[in-house]
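First the proteins, then the strands, lettered A, B, ... as listed; each starts at 1. These numbers come from the heavy atoms of this one structure, side chains and all, not from hydrogens, waters or symmetry mates.
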2 protein chains.
Amino acid sequence: MEVDFSNIKVIGFDADDTLWVNETYFRDTEERFAELLEDYETKNKVDQELFKMEMANLEIYGYGIKGFMLSMIESALDLSNNQISQKTIAKILDLGKRMIAHPVELLDGVEEVLSQLVDKYRLIVLTKGDLLDQERKLEKSGLSKYFHHVEVLSDKKESNYSNLLEHLKIDVKEFLMIGNSLKSDVLPILNIGAKAVHVPFHTTWAHEMVSEEDELVNNHLKLNSLKDILKYLDN
Amino acid sequence: MEVDFSNIKVIGFDADDTLWVNETYFRDTEERFAELLEDYETKNKVDQELFKMEMANLEIYGYGIKGFMLSMIESALDLSNNQISQKTIAKILDLGKRMIAHPVELLDGVEEVLSQLVDKYRLIVLTKGDLLDQERKLEKSGLSKYFHHVEVLSDKKESNYSNLLEHLKIDVKEFLMIGNSLKSDVLPILNIGAKAVHVPFHTTWAHEMVSEEDELVNNHLKLNSLKDILKYLDN
């Protein structure tokens with residue numbers, strides 16, 4: 001579809017699965033987790049129960065690896081009727097620590113896009129999740145130099161975005177958000193009157209899934225690769 | 001000592017143990033944790049080992065209840081040589097969830113102080129820890145209306161404060177920080193050239209302890225109660 005980006009002055013980038021790989025590590029850890037529990041349940045059942053546990057705990061733990069670790073431990077206890085071995089619980093802690101320590105892998109074209117846009121636009125990072133973890137990833141990524149501002153939000157609902165744009169004195173009409181999640185990076189942005197570009201990642205967490213039939217979903221630009229944004233913006 | 005507050009335009013408040021009770025709940029939970037491990041070690045040893053574990057994990061987990069929960073679980077496995085029962089691990093998860101769900105108890109005089117200062121100064125909250133947890137506590141506290149800005153920092157070192165003041169366009173000479181921790185709320189603030197008021201809480205986490213002999217420690221105002229600040233500021 002045609003979208004007019006001529007007014008855009010500020011571009012917000014989601015981080016996980018937009019600038020760097022993230023969901024893949026969660027999926028890998030879920031695989032390991034299911035293997036640890038294979039004496040008790042099928043992989044499919046373990047996946048389902050872990051997801052239910054994450055959803056039940058989301059309001060209290062929020063997003064991020066630490067909450068995921070706590071949900072894995074609680075799920076392991078539940079699924080095994082408290083039979084899971086203590087060594088396995090120690091292994092779950094290790095799985096989580098390895099996720100936190102994982103090197104940052106930039107997605108294709110990220111550095112090229114940021115370096116070409118940085119002189120024409122004010123670039124900011126808008127991510128949700130764990131504060132320390134996101135700050136650490138940004139530092140490891142080497143991308144900090146491109147961004148005027150980095151905001152870690154506890155959630156990405158309309159009100160989170162509205163409050164932030166107001167705080168940063170950014171006009172919604174001049175704001176474009178780029179991200180991999182329709183639910184978090186596109187729909188709330190369209191709802192507050194800003195513009196959005198969707199760059200899907202090959203893997204999407206079930207919690208971030210929305211129906212493509214949502215009436216607003218079509219009112220934005222969808223790109224296969226972040227690099228394609230350069231065709232639509234001054235650089 | 002005499003401190004000149006006549007230039008002050010912006011006041012930053014620490015939150016945990018400055019606006020509301022926090023450390024007390026950690027201490028209570030540590031008591032319960034030691035009881036759960038009493039078959040394996042003395043309370044003293046459990047306390048020491050848990051603290052060591054928290055320090056070893058601080059760089060990866062950061063501050064906050066979720067990291068504390070994960071450190072309790074890891075400590076319980078270590079201290080019991082993996083003998084701790086699965087039910088006990090479930091109880092540790094419950095202890096942490098209860099901390100997260102705990103009602104917010106405001107400290108004495110907080111509402112009075114904020115309501116008297118709000119018209120003369122720009123008030124902000126500067127806290128470290130878990131983003132979601134701190135946002136939730138602020139909301140539960142009913143104090144949001146007094147604050148122009150709330151910033152949750154991953155740490156409270158000089159660079160965290162300098163970056164934030166620059167970002168918020170606050171002149172260090174016009175900034176006063178009020179908090180219960182010499183290490184986090186007073187010393188780094190004095191080092192960057194701003195002013196600080198120390199209002200000790202009756203309990204201080206070992207990690208936040210500093211020697212009172214530190215040369216800068218005397219260069220600030222120490223108050224027994226937050227309410228006393230009203231004697232030193234316009235209101």
Side-chain angles (χ1 to χ4, degrees), chain A residues 53 56-78 80-94 96-101 127-136 138-139 148-155 160 163 167-169, chain B residues 53 56-78 80-94 96-101 127-136 138-139 148-155 160 163 167-169:
Chain A
M53 188 63 77
N57 285 333
L58 190 58
E59 202 182 327
I60 51 173
Y61 296 152
Y63 298 97
I65 298 173
K66 287 178 287 186
F68 180 60
M69 292 168 75
L70 291 165
S71 287
M72 281 195 288
I73 293 169
E74 192 174 351
S75 250
L77 292 168
D78 272 16
S80 70
N81 291 313
N82 280 345
Q83 297 303 303
I84 195 79
S85 78
Q86 292 83 350
K87 276 192 181 161
T88 302
I89 291 173
K91 282 182 191 164
I92 294 171
L93 289 172
D94 269 351
K97 286 186 174 186
R98 253 183 272 170
M99 287 180 79
I100 293 173
T127 172
K128 75 183 173 196
D130 185 76
L131 184 61
L132 178 66
D133 199 36
Q134 294 294 358
E135 286 183 358
R136 183 164 34 212
L138 192 69
E139 185 164 330
H148 275 72
H149 181 74
V150 176
E151 188 79 23
V152 182
L153 299 160
S154 59
D155 208 344
N160 302 94
N163 292 340
H167 169 59
L168 296 177
K169 298 186 174 62
Chain B
M53 187 64 78
N57 286 333
L58 189 58
E59 201 180 328
I60 51 173
Y61 295 152
Y63 299 97
I65 297 173
K66 286 178 287 186
F68 180 62
M69 292 168 75
L70 291 164
S71 288
M72 281 195 289
I73 293 169
E74 192 173 353
S75 250
L77 292 167
D78 273 17
S80 69
N81 291 313
N82 281 344
Q83 297 304 303
I84 194 80
S85 78
Q86 292 84 347
K87 275 194 181 158
T88 302
I89 292 174
K91 282 183 191 162
I92 293 171
L93 288 172
D94 269 351
K97 287 186 173 184
R98 253 183 273 168
M99 286 179 79
I100 293 173
T127 172
K128 74 183 175 196
D130 185 76
L131 183 61
L132 178 64
D133 198 35
Q134 294 294 359
E135 285 184 358
R136 183 167 30 213
L138 191 70
E139 186 164 329
H148 274 74
H149 182 75
V150 176
E151 188 79 23
V152 182
L153 300 160
S154 60
D155 208 345
N160 302 95
N163 292 340
H167 170 58
L168 295 178
K169 298 187 176 63

Identified side chain to side chain contact (heavy atoms under 4.5 Å, CB included) partner of B:Gln86 from the options A:Asn82, A:Asn81, A:Thr88: A:Asn82

Quick check on [X] against chain A: is it the side chain, the backbone, both or neither that has a heavy atom closer than 4.5 Å?
{"X": "B:Ser85", "result": "backbone"}
{"X": "B:Glu135", "result": "side chain"}
{"X": "B:Asp155", "result": "neither"}
{"X": "B:Gln134", "result": "neither"}
{"X": "B:His148", "result": "neither"}

Whether A:Lys66 side chain and B:Tyr61 backbone form a donor-acceptor pair below 3.5 Å: yes

Most contacts with chain B, counted as non-hydrogen pairs under 4.5 angstrom, among A:Leu70, A:Asn57, A:Ile84, A:Leu153: A:Leu70

Between A:Asp78, A:Leu168, A:Ile100, the one whose heavy-atom pairs under 4.5 Å with chain B are most numerous: A:Ile100

Under 4.5 Å from a heavy atom of chain B, the part of A:Glu151 involved: neither

If you compare all heavy atoms of [X] against all heavy atoms of [Y], which two are closest, and at what distance to 0.1 Å?
{"X": "B:Gly129", "Y": "B:Val152", "result": "O-CG1, 3.6 Å"}
{"X": "A:Ser154", "Y": "B:Leu131", "result": "N-CD2, 3.5 Å"}
{"X": "A:Glu59", "Y": "B:Arg136", "result": "O-NH1, 2.7 Å"}
{"X": "B:Ala76", "Y": "B:Ser80", "result": "O-OG, 2.8 Å"}

Top contributor to chain A interface from B:Ile60, B:Leu93, B:Asp133, B:Ile65 [non-hydrogen pairs under 4.5 Å]: B:Ile60

Aromatic ring pairing B:His167/A:His167, orientation class (parallel under 30°, perpendicular over 60°, tilted between): perpendicular

